[in-house]
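Before any comments, here is the structure.
Values reported hereafter were calculated over all heavy atoms of this structure, with side chains retained and with hydrogens, waters and symmetry mates removed.
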Amino acid sequence: MELVVTDEEGNSTEIEGHIDVKDPITLGEVSIDESVARGTDFHAEFMINAVNGIHNITVDVHAHGLTLKDGEVEWDFEKEYLEKYREKTEAEFH
């Protein structure tokens, strides 16, 4: 990288350096159970790297394309995780 500053009189100063541009938040490969029986728990995990620290994590899971059986309702889960991960720059989410 090269930075040049020039004033109104045409005087300039130049400096060279290196800038490392990082994604502020990256997620590792998400691992989720591929086959889960209806009505049972499933497991998901992934790594989080946040240059400026984690503020919160929101998980939204819902079913697509399932034919509901008698008595079943469409399933949706949304939860915000605040305290456990707050301000960490790296965390493994389970």
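A heavy-atom distance below 4.5 Å is not found between the side chains of I15 and T13. Residues M1 and E16 are not in side-chain contact: their nearest non-hydrogen atoms beyond the backbone lie 4.5 Å or more apart. Proximity of D76 to D60: side-chain heavy atoms (C-beta onward) are separated by under 4.5 Å at one or more points.
Residues F77 and F42 fall within the same hydrophobic cluster, defined by Ile, Leu, Val, Met, Phe, Trp and Tyr side chains chained together at heavy-atom separations under 4.5 Å. Hydrophobic cluster membership differs between V51 and I54, with clusters built from Ile, Leu, Val, Met, Phe, Trp and Tyr side chains linked at under 4.5 angstrom. F93 and M47 are not part of a single hydrophobic cluster, where members link through side-chain heavy atoms under 4.5 Å apart. Cluster membership for I48 and I32, using ILVMFWY side-chain heavy atoms within less than 4.5 angstrom, is shared. By the rule that hydrophobic residues join a cluster once side-chain heavy atoms approach within less than 4.5 Å of another member, L27 and Y85 end up as members of one cluster.
For the pair T67 and E72, the tightest heavy-atom approach, listed with the atom from each and the gap, is O-OE1, 4.2 Å. For the pair V4 and S12, the tightest heavy-atom approach, listed with the atom from each and the gap, is CG1-CB, 4.2 Å.
The CD atom of E83 sits 10.5 Å away from atom CG of N56, with the distance rounded to the nearest 0.5 Å. Separation of atoms CD (E29) and CD (E45) is listed at 10.5 Å; rounding is to 0.5 Å.
Residue D7 places its CG atom among more than 12 non-hydrogen atoms of other residues, nucleotides or ligands, all under 6.0 Å distant. Crowding of E80 atom CD: a count of heavy atoms from other residues, nucleotides or ligands under 6.0 Å exceeding 12. By the neighbour-count criterion of 12 heavy atoms within 6.0 Å, atom CD of E14 is densely surrounded, having more than that number from other residues, nucleotides or ligands. Atom CD of E2 sits in a crowded spot, with more than 12 heavy atoms from other residues, nucleotides or ligands closer than 6.0 Å.
Judged purely by atom type and a 3.5 angstrom limit, N49 has no side-chain atom pairing as donor or acceptor with the backbone of T26.
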